[in-house]
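The structure appears below as structure tokens.
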2 protein chains.
Amino acid sequence: MTTIRDVAKKAGVSVATVSRYLNDSGYVSGDAAKAVAAAVKELKYELNPVARSLNTKKTNLIGLIVPDITNPFFPELARAVEDVALTYGYTVILCNSDENPEKEKNYLETLKKKYIDGFIVTSNQLDAPHYANMALPIVALDRAINEHIPTVASNNREGAAMGTRVLLERGCNRILFLRGPEELNPANDRYEGFMDAIRDSGVEYDVVVCPFHFADSEKIVDRVLREQKNIDGIFASSDVSAAGALKAAAKLGIAVPDELQIVGFDGIAMGEMLTPGLTTVAQDVYKMGAIATRVLIKRIENQVEEQHFFEVPVQLKIRGTTRSVEK
Amino acid sequence: MTTIRDVAKKAGVSVATVSRYLNDSGYVSGDAAKAVAAAVKELKYELNPVARSLNTKKTNLIGLIVPDITNPFFPELARAVEDVALTYGYTVILCNSDENPEKEKNYLETLKKKYIDGFIVTSNQLDAPHYANMALPIVALDRAINEHIPTVASNNREGAAMGTRVLLERGCNRILFLRGPEELNPANDRYEGFMDAIRDSGVEYDVVVCPFHFADSEKIVDRVLREQKNIDGIFASSDVSAAGALKAAAKLGIAVPDELQIVGFDGIAMGEMLTPGLTTVAQDVYKMGAIATRVLIKRIENQVEEQHFFEVPVQLKIRGTTRSVEK
DNA sequence: CTGAAAGCGCTTACAG
DNA sequence: CTGAAAGCGCTTACAG
């Protein structure tokens, strides 16, 4: 392995000069620069990043902590993070937390020791002490951690209101809202948005808490649909739940969208594969990941960034589980 | 930051002894061990892994190279890799290659410089030179790289034969096989398996090449179904293609499974969310990832492993897109 | 503008 | 069984 010393020797300068040239830090005369460049080229020298890290305490590594990459929301996020990271010369370490604070903390600490440069985190441990005294740059995704930490999120509340109005405008008279887990901030925001839109409409509604899980959602919706025969609209807080609802309806022989209209939330790829295609409030997950990564890297590189909260607009995707608007 | 020197001083021994104790390498007397242990505890000393890496050229980091984490096959793989890696004290770096040899090579080289310990790779660049002279441990997933590199894969051929027989046993008289991209090894194995099963059956069949992409598959199947009215069975080389086929059938008003039966390949979660649920040849993706990771870590830790090819059996999942067997 | 030297925090022959 | 010392390959004040 050729080292900086070899380069220095060949170029007839000191290692300090080579280092300055390589890092573009401090002055290097034109002559010296030329000699070093030639030596680097001739020796095919490549800087050893581990040795550098030991000095700088930087690694160009960032951690992405998600509950579970298997959850269809996260792969696209991971993709965005990796794409942007690559652009800036960073590499991504993938961590599944399972929403387990211990696991999360463990990753945080292990990687900190390895001089990781920062984290992008999707977590519910909003108030966990290990975030408070983390000296490392962190950006929160989807769910706020605390005021000191920049957050990127969809406009969940407004999006949910939009989704609700889709059903309202299409003549639903009794709407079932599948509310997400109560410990999830975004789920609560969506609930608020639903309430915003439904409140003054005069339309009847039911709210049922429902995990973001296909089979559970199907079961819950099946039960509700059997009990409440007059439900003609379902707004689910996630596409996976909406898929469960659609399946339940199909099994009960309820025609979608003629007898029952369904709207989801998320915009995951599966939505268009269903029959009929799922109408949904689509989050721009890729954009969220991209913004989060840029913000994080700015922080890592000490660029000032006054903005603290980044809201990414959702977009309605009208597909087959809703009818055309009644005029 | 407390270093090994602080510990040595407090314990009244040399740093060499502390290092030996910490790494359980070389002899350390009982007394010395006790003193060091006490000092470590009192000072809350934690070894600096970066400094260690500079010496050992090991980092406990492994790279996972996939074409695109957004492809529904890979998240579960990534999850398995990460789970097992964590068990052994390794951390996973996620790399999306987009099947682009340059990108792949770039990751390989960048991370090698960072003293990454090994790679798990899903790649088509079987014969790429950058794999031939990689001194690092590598395990190939799903697609063989070369004979020197251990490979983990499903029994694609046999699985495809099984899937074909599902249609045969259920009375299909004309089967459309959606063959995957010809540059993909597993896709070709599945084609062989289909041929194995169909050849002697006397049943008519068509073969159409079809990318593992939903919308494209839908389009292709729509066209074929319009042209060939008597197709009553489709075997798709991937679940995503099968979903496209199902969608095409639905739009054409063809009843599944009564008029047309469909079988997919992969076993991704989406399959059960469709209506009807997708019958499929399910790969045990998690197991594949877990095995690959264990094999890789064994190699990294220089444990001999004579086995070179690991085949993970597929499993039939009979759901709603096929009928019950005719007796 | 440049170099000698200390330092980042560990590991590992080597001599005893 | 143990320690002094060199070494991993870089960066960074500091003095000139």
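Values reported hereafter were calculated over all heavy atoms of this structure, with side chains retained and with hydrogens, waters and symmetry mates removed. None of the values given here were measured: they were computed from a predicted structure. In what follows, chains are A, B, ... by sequence order, proteins preceding strands, each numbered from 1.
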Within residues 29-37 of chain A, residues whose heavy atoms come under 4.0 Å of DNA chain C: A/S29, A/A32
Sugar-phosphate, base or nothing in reach of B/V13, heavy atoms under 4.0 Å: sugar-phosphate
For the student: nearest non-hydrogen atoms of B/T122 and B/P67, plus distance: O-CD, 3.8 Å
For atom OH of B/Y27 and atom P of D/dG3, their distance in whole Å: 17 Å
Whole-Å gap separating P (D/dC8) and NZ (B/K58): 16 Å
Phosphate contact (C/dG3 OP1 or OP2) by A/S14 side-chain N/O below 4.0 Å: yes
Nearest-Å distance for atom pair NZ/P, residues B/K57 and D/dG7: 14 Å
Base versus backbone protein contacts along nucleotides 11-16 of chain D [heavy-atom cut-off under 4.0 Å; B, S, -]: SBB---
Student check: side-chain heavy atoms of A/K57 and B/V50 closer than 4.5 Å: no
Secondary structure string for DNA chain D (Watson-Crick or G-U under 3.5 angstrom, | for other-strand pairs): |||.||||||||.|||
Passing candidate, side chain to side chain contact (heavy atoms under 4.5 Å, CB included) with A/V18, options A/V7, A/T3, A/D6, A/N23: A/V7
Contact check, side chains of A/R52 and A/L47, non-hydrogen atoms, under 4.5 Å: yes
4.5 Å side-chain heavy-atom contact, B/Y90 and B/T293: no
Any side-chain heavy-atom pair of A/I138 and A/H148 under 4.5 Å: no
Gap between atoms NZ and C1', on B/K9 and C/dG9 respectively (whole Å): 14 Å
Beyond-backbone contact of B/L77 with B/D142, side-chain heavy atoms, under 4.5 angstrom: no
Minimum side-chain heavy-atom gap B/Y45-B/L22 below 4.5 Å: yes
Derivation of the side-chain contact (heavy atoms from CB on, under 4.5 Å) call for B/V66 and B/N96: CA-CA 5 Å; B/V66 297; B/N96 293 294; 3.7 Å; yes
Sugar-phosphate, base or nothing in reach of B/V28, heavy atoms under 4.0 Å: sugar-phosphate
Whole-Å distance separating the CE atom of A/M1 from the C1' atom of D/dG7: 14 Å
A/Y107 vs B/L86 side-chain heavy atoms within contact, under 4.5 Å: yes
Sugar-phosphate only, base, or nothing, as touched by A/Y21 at under 4.0 Å among non-hydrogen atoms: nothing
Separation of B/T151 OG1 from B/Q307 CD (nearest 0.5 Å): 11.5 Å
D/dC10 OP1/OP2 closer than 4.0 Å to side-chain N/O of B/Y115: no
d(CZ, A/R5; P, D/dC8) in whole Å: 9 Å
